[in-house]
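The structure appears below as structure tokens.
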There are 2 protein chains.
Amino acid sequence: MQNNLKMERARLKMTQADLAAKVGVSRQTINAIEQGKYGPSTILALRLSLVFDKSVNELFALDEDDLN
Amino acid sequence: MQNNLKMERARLKMTQADLAAKVGVSRQTINAIEQGKYGPSTILALRLSLVFDKSVNELFALDEDDLN
DNA sequence: TATAAATGTAAAGTTTATTTTACTTTTTGT
DNA sequence: ACAAAAAGTAAAATAAACTTTACATTTATA
């Protein structure tokens, strides 16, 4: 799964810690997701959607591996 | 977290087993999500988004409990 | 260029998502 | 009404998300 978190976060000039606090997870979780180590829960994706004012589909996309 | 899976699935006249097969999870997972027992991963939410041709934000919504 | 802030990373632990098996209840079709 | 299909449920197991602590590296700034 791909994502624009790093870009969107830069757009809002937020640090990983800022974002983590805003969506209620640890800084490491944000970091891991940005590094593509794993994907978020849908609840977290929706919270990020709120913060960035972008749909989950705009923030996250399936890549080849995820398409079946 | 709330969702319209049951509705959307009805719209496409699919059974829980059909849907499960199409998105690559077990029938019980679809059932549990429809019953609100837990939320899906973002990967699964995106796959459901594909099947129903609806955005993740249209399919799933945060409720009071999830808003902080 | 030194220091602070931000980011990356890793291991061990907890919680939540998902599977499998199996059974019960409800709905649909004849 | 009966049989078959679909949906609901539950327990035990595994996998994935997330936390905490701790430290190393990179980037920004005085």
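Below, chains carry the letters A, B, ... as their sequence lines are ordered, and counting in each starts from 1. Note that the coordinates shown come from a computational prediction; the quantities given were computed from them, not determined experimentally.
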- prompt: dG8(D) P sits how many Å from I33(B) CD1, rounded?
  reply: 13 Å
query: Are the side chain of D66(B) and the backbone of M1(B) linked by a donor-acceptor contact shorter than 3.5 Å?
result: yes
- prompt: dA5(D) phosphate, OP1 or OP2: any side-chain N/O from T15(B) under 4.0 angstrom?
  reply: no
- prompt: Judged by atom type as modelled, is there a donor-acceptor pair below 3.5 Å linking the side chain of N31(B) to the main-chain atoms of Q28(B)?
  reply: no
message: So, does R27(A) get its side chain near the phosphate of dT20(D), meaning an N or O under 4.0 Å from OP1 or OP2?
response: no
query: According to a strict under-4.0 Å criterion, is N31(B) in side-chain N/O contact with OP1 or OP2 of dG8(D)?
result: yes
field: Short side-chain to backbone donor-acceptor contact, E8(B) and L5(B), under 3.5 Å
entry: no
- request: Round to a whole Å and report the spacing from NZ of K6(A) to P of dT26(D).
  value: 13 Å
- prompt: When all nucleic acid strands are considered with a 4.0 Å heavy-atom cut-off, which category describes Q35(B): base, sugar-phosphate, or nothing?
  reply: sugar-phosphate
message: Within a 6.0 Å radius of atom CG on D63(B), are there more than 12 heavy atoms belonging to other residues, nucleotides or ligands?
response: yes
- prompt: S41(B) near the nucleic acid: base, sugar-phosphate alone, or nothing, with a heavy-atom cut-off under 4.0 Å?
  reply: sugar-phosphate
Check: N4(B) side chain, F60(B) main-chain N or O, donor-acceptor pair, under 3.5 Å: no
- prompt: Does K6(A) offer a backbone N or O that forms a donor-acceptor pair with the side chain of R11(A) under 3.5 Å?
  reply: no
- prompt: Distance-only, no hydrogens or angles: does the T42(B) side chain make a donor-acceptor pair with backbone N or O of P40(A) under 3.5 Å?
  reply: yes
query: Hey, is the side chain of Q28(A) poking within less than 4.0 Å of OP1 or OP2 on dT20(D), counting only N and O atoms?
result: no
- prompt: Between the two ends of the helix from dT1(C)-dA30(D) to dT30(C)-dA1(D), what is the bend in degrees, rounded to 10 degrees, where each end axis spans five pairs?
  reply: 60°
- prompt: So, is K13(A) near the phosphate of dA28(D), with a side-chain N or O under 4.0 Å from OP1 or OP2?
  reply: no
- prompt: Between Q16(B) (CD) and dT9(D) (P), how many Å, whole number?
  reply: 10 Å
task: Kindly work out whether a path of hydrophobic side-chain contacts (I/L/V/M/F/W/Y, heavy atoms less than 4.5 Å apart) joins M7(A) to V23(A).
output: no
message: With a strict under 4.0 Å distance from non-hydrogen atoms of chain B, what nucleotide opens and what nucleotide closes the contacted stretch of DNA chain C, reading 5' to 3'?
response: dA17(C) to dA22(C)
field: Donor-acceptor contact below 3.5 Å, side chain R27(B) vs main chain A20(B)
entry: no
message: Can you work out whether M14(B) or T42(A) has the more 5'-proximal nearest nucleotide on DNA chain D?
response: M14(B)
message: Test your reading of the model: is there a side-chain donor-acceptor pair from N3(A) to the backbone of I33(A), 3.5 Å cut-off?
response: yes
task: Can you tell me the distance, in whole Å, between the CD1 atom of I30(B) and the P atom of dT9(D)?
output: 16 Å
field: Distance in angstrom units between L44(B) CG and dA17(D) C1', rounded
entry: 14 Å
- prompt: Within this structure, what is the CG-to-C1' distance between D66(B) and dC18(D), rounded to whole angstrom?
  reply: 16 Å
query: For Y38(B) and dA11(D), what is the distance between atoms OH and C1' respectively, to the nearest whole Å?
result: 13 Å
